[in-house]
Amino acid sequence: MNIDLSKLVRPNILRLAPYSCARDEFKGRPAHVFLDANESPYNSPFNRYPDPLQETVKARLSDIKGVPAENIFLGNGSDEAIDLVYRIFCNPGVDNVVAIEPTYGMYGVCADINDVEYRRVVLDEGFQLNADKLLTACDDKTKVIWICSPNNPTGNSMDRGEIEKVLDRFDGIVVLDEAYGDFASQRPFRVDISKWQNIIVLNTFSKAWGCAAIRLGMAFASTDIIGLMNKVKYPYNVNELTQQKAIDIMSDLGRVNKWLAAVKSERDHMLPAFQDLPICEKVYPTDSNFFLAKVKNATEIYNYLIDRGVVVRNRTKVTLCNNCLRITIGTPQENNELLACLRQL
Ligand SMILES: *Cc1c(COP(=O)(O)O)cnc(C)c1O
């Protein structure tokens, strides 16, 4: 599919001349006296504005993720990238987006904030996506399709062939949120972004990398799409403390990989143990660091656990998730405490 970005992007964004920050203008030339940005000369290094394009972080990330730096956008969590997609592509009150249902709540919240119609296409009973159903829900005002894989809150990966069918046939933007990709065994789509002009893949520091507090999310896409995101974002959207912490965490990936292995091994232990509980009706297959389980009475069990200081996510009101709890894999001690509480029921 040949994608004409100039037809997809909101006209005001196409025309936009971005804010030019002090640090952009001299770029590339050596300098040592900085009297250009009205910063304080004191309190180094935090007196200086951070790198607006986070080049050091991106260079390291590029190696780790196998994606060229020019195809990477960094934002204040994936949430910033999600909001930017609406602001770049969707004319408020006019355009619509299509998403699988159930899925991550932020796609819908950001649609509401941006006054964009949000069309939900319910997954099948096995929580699988059907490309034809998604495409049928689209019309000439559909700018974006949201796919989350592995999906939250169901935990499973979407069928790769169906995702490719959507990418091949849809003439708008397809956002593929792989926030939980590190926990899955499938090949991630980010390494294949050059195959499609319309793909945006999301990753985050918040899950496998143990850095939810620093608020750092990534988008991988064509240089044209990354250029649009950079043009619309706040000039200094990722603060210096976050950039430093990101570089720190990436300097010892061995530690991250140990955490990842520990979570996966605990997951293998938790799924059958939970399935054996008398209150459990069903544990759904998962490729994530959490699982969805159908229980006898989700709200009662949720409240019982809260009384014991154990918090899980009650998803009983979510489509296809009646009486379901979403449970994150914790440390062995935390998981055992949860199981011990539930065995007393
Ligand atoms: C947790 C999660 C994210 C991460 O969001 P951040 O803003 O990067 O913390 C993104 N997508 C999904 C589906 C998630 O569950």
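When a ligand or atom number is given, it counts from 1 through the structure's own listing order. Quick note: numbers below take in every heavy atom, side chains included, and nothing from hydrogens, waters or symmetry partners.
By the 3.5 Å distance cut-off applied to N or O atoms, Asp79 is counted among the residues near ligand 1. Annotation: Ser206 places an N or O atom under 3.5 Å from an N or O atom of ligand 1; distance criterion only.
Residue Ser78 touches ligand 1 through backbone and side chain together, judged by heavy-atom distances below 4.0 Å.
The shortest contact between atom 11 (N) of ligand 1 and any protein heavy atom is with Asp177 OD2, 2.6 Å.
One side chain, Tyr104 or Asp79, offers a donor N or O that lies under 3.5 Å from an acceptor on the other. When only modelled atom types and interatomic distance are considered, Asn314 and Thr299 share a side-chain donor-acceptor pair under 3.5 Å.
Under the 6.0 Å cut-off for aromatic ring centres, Tyr180 and Phe290 qualify, their centroids lying closer than that.
Atoms of ligand 1 found under 4.0 Å from any heavy atom of Cys148, numbered from 1 in the order shown, are 13 (C). Close approach of ligand 1 to Lys207 (heavy-atom distance below 4.0 Å) involves ligand atoms 1 (C), 2 (C), 3 (C), 4 (C), 14 (C), 15 (O). Close contacts of ligand 1 with Arg215, meaning ligand atoms under 4.0 Å from a residue heavy atom, involve 6 (P), 7 (O), 9 (O).
Heavy-atom separations between Tyr180 and ligand 1 include at least one value shorter than 4.0 Å.
Salt bridge Asp192/Arg187: present, at least one basic N to carboxylate O contact under 4.0 Å.
Figure legend: cation-pi geometry between Arg120 and Tyr107 absent, as NZ or CZ is not positioned both under 6.0 Å from the six-membered ring centre and within 45° of its axis.
In this structure, the separation between SG on Cys138 and CZ on Arg119 is 8.0 Å, given to the nearest 0.5 Å.
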